[in-house]
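Below: one structure, written as structure tokens.
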Amino acid sequence: MKKIITSRNLSILILTLLVITIACSGCKKNEKTNEKSPEEISEGAQAIIKACMTVPNPDLYDREPHLTIGLGTEVPSEEEKEEVRKATEARTAAWEKAVGKYFSPNSLNYFLSTTGYYYLDTYYGQTVEVTDMELVEKDDDYEIVKVTISIEETEQEEKLKFRKNADGSIWQVNIWSVEHDCYI
């Protein structure tokens, strides 16, 4: 017996193939997402979190020496300027040694001039410890880590987003205050 393909049968066949295609593409997308989300926080993210969120951290931050500039202040002497310059160079070298290998060129300096010193300066004179780190999301281009810190016995959560280049080096770090629901 010879079967004739009717327009109704053709429509059912096309619809079936379309449903199978959509279902399979959804499966592949989930597999890819799982491949890109390993359960481990990268070594670089861990090192940066510990460096910038542990207070005191005298190897990486100290308020002295510093220069005060503005109305009502004395003009710093050349010796004072030189002392601050040397201290800044030593501090930058310590950061380079501690976490520099995880950053792309010039990104460590940008990090230090934006968010790197935030906790070290804000909580200067207090004790801040990292008590927990949890991977929230990870992709080839970024990694988000939820960090729990203890500030003088008070728990606080923050999220750090590490943006990465194709080679895995970090080019930007953003800190999201969970408590205040904004970037720091």
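Sequential numbering from 1 along the given sequence is applied to the chain's residues. Values in this document were obtained by computation on a predicted structure and should not be read as measured data.
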Nearest atoms (heavy-atom pairs only) where [X] meets [Y]:
X    : Y    : value
T115 : V173 : OG1-O, 3.5 Å
V99  : A51  : CG1-CB, 4.2 Å
N57  : K50  : ND2-O, 4.3 Å
E155 : T131 : OE1-OG1, 3.6 Å
K138 : E40  : NZ-O, 3.2 Å

Answer whether the closest heavy-atom distance between the side chains of [X] and [Y] falls below 4.5 Å.
X    : Y    : value
F111 : I170 : no
T114 : Q172 : no
F162 : Y102 : no

If you measure from [atom1] on [X] to [atom2] on [Y], what distance do you get to the nearest 0.5 Å?
X    : Y    : atom1 : atom2 : result
E143 : L160 : CD    : CG    : 10.0 Å
L67  : R85  : CG    : CZ    : 12.0 Å
S107 : K164 : OG    : NZ    : 13.5 Å

* Passes side-chain contact (heavy atoms from CB on, under 4.5 Å), E137 versus K159? Steps please. -> CA-CA 11 Å; E137 190 174 341; K159 287 184 181 176; over 6 Å; no
* For Y142, which residues count as a ring-ring contact (aromatic ring centres under 6.0 Å, His included) partner, sequence neighbours excluded? ->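 With sequence neighbours excluded, Y142 shows a ring-ring contact (aromatic ring centres under 6.0 Å, His included) to no residue whatsoever.
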* Counterpart residues, ring-ring contact (aromatic ring centres under 6.0 Å, His included), relative to W176 (two or more places apart) ->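 Partners of W176 by the ring-ring contact (aromatic ring centres under 6.0 Å, His included) criterion, ordered by chain and then number, come out as Y183.
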Would you kindly confirm whether [X] and [Y] end up in one hydrophobic cluster when ILVMFWY residues are joined by side chain heavy atoms under 4.5 Å apart?
X    : Y    : value
I49  : W171 : no
I151 : M133 : yes
V55  : Y117 : yes
V84  : L60  : no

* Mind telling me whether Y123 and Y118 have parallel, tilted or perpendicular rings, with 30° and 60° as the class edges? =>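 Correct class here is perpendicular.
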* **N-O pairing of E89 and K86 below 4.0 Å** =>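 No, this pair does not count.
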* **N/O donor-acceptor pair under 3.5 Å between S169 side chain and N165 backbone** =>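 Side chain of S169 to backbone of N165: no pair is present.
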* Between E158 (side chain) and I175 (backbone), is there a donor-acceptor pair under 3.5 Å? ->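 No, E158 side chain to I175 backbone: no donor-acceptor pair under 3.5 Å.
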* Enclosure of Y124 OH (heavy-atom neighbours >12, cutoff 6.0 Å) ->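 Yes - once you tally the heavy atoms of other residues, nucleotides and ligands closer than 6.0 Å, there are more than 12.
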